[in-house]
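Reading through the structure tokens given below for one structure.
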Amino acid sequence: MTSLSDKLSHVVGQVFVDSELPAELGQVRVSDRPDLAQFQCNGAMAAAKLAKKNPRDIANDVVGKLQTQDVFSKVDIAGPGFINIDVTDDFLSAHLEMIRADERLGAGNSGQDQTIVLDYGGPNIAKPMHVGHLRAAIIGDSVRRIMKFAGFHTLGDVHMGDWGTHMGMIISEFIKTGDTDRILGLDLDDEAQIDALMKELGEMYPRVAGECKESETRKEEAREATVRIQNKETPYFELLQVIKAASVNGMRRNYATLGVHFDLWKGESDVHDYIAPMVEDIKANNHAVEDDGALIIPVKTEDDKKEVPPLILYKRDGGVMYGTTDMATLVEREKLYNPARVIYVVDQRQHLHFEQVFRAAKLTGIIPVGTELTHAGFGTMNGTDGKPFKTRAGGVMKLEDLIAMAEETAMKRLNEAALAEDMDADEKADVAHKVGIAAIKFADLSNPRVTDYVFDLERLTSFEGKTGPYLLYQAVRIKSLLKKAEAQGLAIPQADAFAIGDADRALALLLTEFPDAFNFALRDYMPHHLCEYAYRVASAFSSFYGNCHILSEEDEAIRNSRLALCAFTYEMLIQILELLGIEVPERM
RNA sequence: GCGCCCUUAGCUCAGUUGGAUAGAGCGUUGGUUUCCGGAGCCAAAGGCCGCAGGUUCGAAUCCUGCAGGGCGCGCCA
């Protein structure tokens with residue numbers, strides 16, 4: 001299955017081949033002059049250069065051959081050699097029927113069941129989740145959904161930070177204050193006790209971290225505790241388990257609220273035992289060198305224009321760094337899953353780090369050279385002042401506070417719009433939740449991953465314009481229409497339904513573009529292509545809806561076609577929003 | 001100092017392998033409802049695409065230089 005423009009490219013490409021020109025030149029795309037044509041092909045100009053001929057002559061030749069085919073209602077030449085193409089409504093209707101019947105809506109199975117691992121979590125235990133974790137979660141989960149839809153076997157890993165010096169700080173503090181037994185005695189099935197512990201940790205961590213900065217002795221205590229944890233000594237290791245269990249509980253809650261899914265709940269501690277043998281192997285293969293007391297892997301190459309620092313396996317003090325852990329994680333992933341790709345959805349600022357890790361992993365053979373390792377980095381979420389998003393007081397905003405704010409604003413919007421008025425409190429709260437999450441996610445996903453963006457809650461919760469709530473509103477409006485049709489006894493035709501005409505041609509053509517938008521999103525790990533497309537579908541529907549009657553249409557064939565088109569548009573929107581991780585309420 | 005990214009309408013941003021008249025949303029102005037959900041729809045105004053060169057039949061897009069902004073550059077993660 002392919003998009004309509006792919007299909008046409010094939011036809012036109014064949015004509016180019018017949019003229020002894022490369023098939024790629026026959027590439028057809030949606031016209032950027034919809035007033036002139038539905039599709040265009042610019043290959044004649046490029047061909048002119050190759051064949052040293054007049055572009056219009058080549059175009060003439062191609063057009064002559066295309067005009068004999070009955071899929072086209074118009075083929076002509078404009079300007080220096082643009083080939084403009086329209087398809088017949090019958091052909092369009094038939095194509096629409098095909099993608100409607102296809103579970104991938106024409107997008108094809110490019111994944112072929114290959115396994116890929118996605119890393120888009122990274123919260124530290126014992127610390128509250130904050131807005132910094134939001135983008136990784138939202139983008140990573142969407143990329144996972146997209147890849148799964150494309151036929152990949154996807155494994156999302158939360159990969160939490162549960163093994164570093166920050167744990168040493170906290171656990172050494174509990175030991176010092178004699179709170180060990182109290183912590184070990186906590187009932188982890190009791191939400192109240194978990195919340196109390198998390199609150200305590202939230203207060204404790206910044207204080208102890210500050211002390212460690214001030215005092216070398218305190219820092220040494222933390223460091224020593226870290227080693228004891230990593231040696232699994234009692235009660236250090238046991239304390240870690242309690243803190244971890246409580247933290248994971250909070251993480252699961254946060255991610256569940258966001259509707260973000262992970263297949264694997266692994267952490268840095270899970271790969272600790274891989275480190276020593278991995279380093280031995282690396283040393284045995286002469287990839288590691290001693291440097292100023294540290295053990296490093298040089299990863300710079302001859303043709304590097306920039307400085308690429310080595311990856312440090314062991315620090316001068318014998319401790320490991322996160323590059324070491326990332327390497328060990330790759331050892332485990334290779335062993336357990338043998339992935340075709342590993343994709344890291346992590347802050348763009350860590351790009352150099354990943355370049356080091358990827359080079360080291362390929363160099364040492366931990367990961368086969370043919371395996372794709374990608375850092376799909378993302379930019380910073382800024383406040384309306386253009387600086388990184390903070391609370392009014394200037395601190396880091398907790399994720400749950402941000403979500404609560406979004407839900408609150410969403411509720412305010414619903415009231416302003418007099419939406420969801422006849423609902424009971426629970427249903428309305430559920431709608432406000434879905435609207436709030438849709439607002440956050442759509443805003444985050446709708447700009448290209450790598451750029452920074454401005455998080456303006458007032459704007460992105462609006463029901464107007466290119467926002468998540470607008471998309472929900474449009475989807476719900478279609479659903480309402482479909483329900484009304486059902487109530488009137490009008491069945492949605494399941495096959496041979498489409499009879500596309502002037503009123504619905506634009507929407508029909510747009511619906512055939514799904515595979516194009518999808519494949520861009522898939523190729524670049526950039527969901528914003530789908531956001532853009534979803535918005536175009538929603539507004540094309542709105543335009544269609546405003547311009548013609550559907551239920552009251554008296555011609556049965558036209559009414560059936562339009563009903564089917566509404567139903568298909570609804571399915572399309574729901575599917576795209578699902579790929580973005582956005583849930584749509586039944587009504588609002 | 002070196003490297004990466006960014007600079008497009010008043011504001012927030014799209015723009016695929018170089019293609020026709022550079023697009024959205026918000027805001028502004030005007031129109032629109034005896035009918036399916038009008039926070040909708042239709043339309044208009046608004047641009048030396050940071051600046052200067054170059055390549056090309058053709059450049060927001062590719063190359064070079066400059067200016068402004070963000071980020072990163074070995075023992076934190």
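Just so it is clear: chains get the letters A, B, ... in the order the sequence lines come, proteins before strands, and each one is counted from 1.
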Is [X] salt-bridged to [Y], cutoff N-O under 4.0 Å?
| X | Y | result |
| --- | --- | --- |
| A/Arg587 | A/Asp422 | yes |
| A/Asp555 | A/Arg562 | no |
| A/Glu464 | A/Arg413 | no |
| A/Glu532 | A/Arg536 | no |
| A/Glu486 | A/Lys483 | no |

To check you understand the geometry: which heavy-atom pair defines the closest contact between A/Val584 and A/Lys434, and what is its length?
C-CD, 4.3 Å
Applying a 4.0 Å non-hydrogen cut-off, can you work out what [X] is touching in the nucleic acid: base, sugar-phosphate, or nothing?
| X | result |
| --- | --- |
| A/Pro448 | sugar-phosphate |
| A/Asp35 | base |
| A/Val450 | nothing |
| A/Asp304 | nothing |
| A/Thr451 | sugar-phosphate |
| A/Arg29 | base |
| A/Asp32 | base |
| A/Cys548 | base |

Any [X] side-chain nitrogen or oxygen under 4.0 Å from OP1 or OP2 of [N]:
| X | N | result |
| --- | --- | --- |
| A/Lys483 | B/C36 | no |
| A/Tyr470 | B/C41 | yes |
| A/Ser542 | B/C41 | yes |

Going through the checks in order, is the ring-ring contact (aromatic ring centres under 6.0 Å, His included) test met by A/His353 and A/Tyr322?
CA-CA 9 Å; A/His353 165 72; A/Tyr322 76 139; 3.8 Å; yes
Over how many whole Å does the gap from [X] atom [atom1] to [N] atom [atom2] extend?
| X | N | atom1 | atom2 | answer |
| --- | --- | --- | --- | --- |
| A/Glu486 | B/C36 | CD | P | 19 Å |
| A/Arg562 | B/C35 | CZ | C1' | 14 Å |
| A/Leu25 | B/G19 | CG | C1' | 14 Å |
| A/Lys49 | B/G19 | NZ | P | 12 Å |
| A/His549 | B/C41 | NE2 | C1' | 14 Å |
| A/Gln474 | B/C36 | CD | C1' | 14 Å |
| A/Lys466 | B/C11 | NZ | P | 18 Å |
| A/Phe442 | B/A14 | CZ | P | 13 Å |

Residue [X], side-chain heavy atoms: nucleotide from [options] that is nearest:
| X | options | value |
| --- | --- | --- |
| A/Ser480 | B/G37, B/U17, B/C13 | B/G37 |
| A/Arg587 | B/G37, B/C41, B/G15 | B/G37 |
| A/His528 | B/A24, B/G58, B/G15 | B/G15 |
| A/Ser31 | B/G40, B/A20, B/C2 | B/A20 |
| A/Ser543 | B/A20, B/C36, B/C41 | B/C41 |
| A/Glu464 | B/A14, B/G27, B/G38 | B/G27 |
| A/Phe82 | B/G38, B/A20, B/C13 | B/A20 |
| A/Tyr535 | B/G19, B/A24, B/G37 | B/A24 |

What distance, rounded to whole Å, do you find between the two C1' atoms, one in B/U7 and one in B/C51?
11 Å
Given the P atoms of B/G25 and B/C42, what is the spacing between them in whole Å?
9 Å
Within the structure provided, determine whether A/Lys306 and A/Glu355 are in side-chain contact (heavy-atom separation under 4.5 Å).
yes
Check: A/Met129 and A/Met251 side chains under 4.5 Å, non-hydrogen atoms:
yes
B/A20 base to A/Gln40 side chain: any donor-acceptor pair below 3.5 Å?
yes
What string of B, S and - do you get for nucleotides 67-77 of chain B, 5' to 3', when a contact is any protein heavy atom under 4.0 Å?
---SSSSBBSB
May I ask you to decide if the ring planes of A/Tyr473 and A/Phe463 are parallel, tilted or perpendicular, using 30° and 60° as cut-offs?
perpendicular
Taking the six-membered ring for Trp, are A/Tyr535 and A/Tyr470 closer than 6.0 Å centroid to centroid?
yes
So for atom CD, which belongs to A/Glu556, do other residues, nucleotides or ligands contribute more than 12 heavy atoms lying within a distance under 6.0 Å?
no
Base-paired stems in RNA chain B, each at least three Watson-Crick or G-U pairs under 3.5 Å
B:1-7 with B:67-73, B:10-13 with B:23-26, B:28-32 with B:40-44, B:50-54 with B:62-66
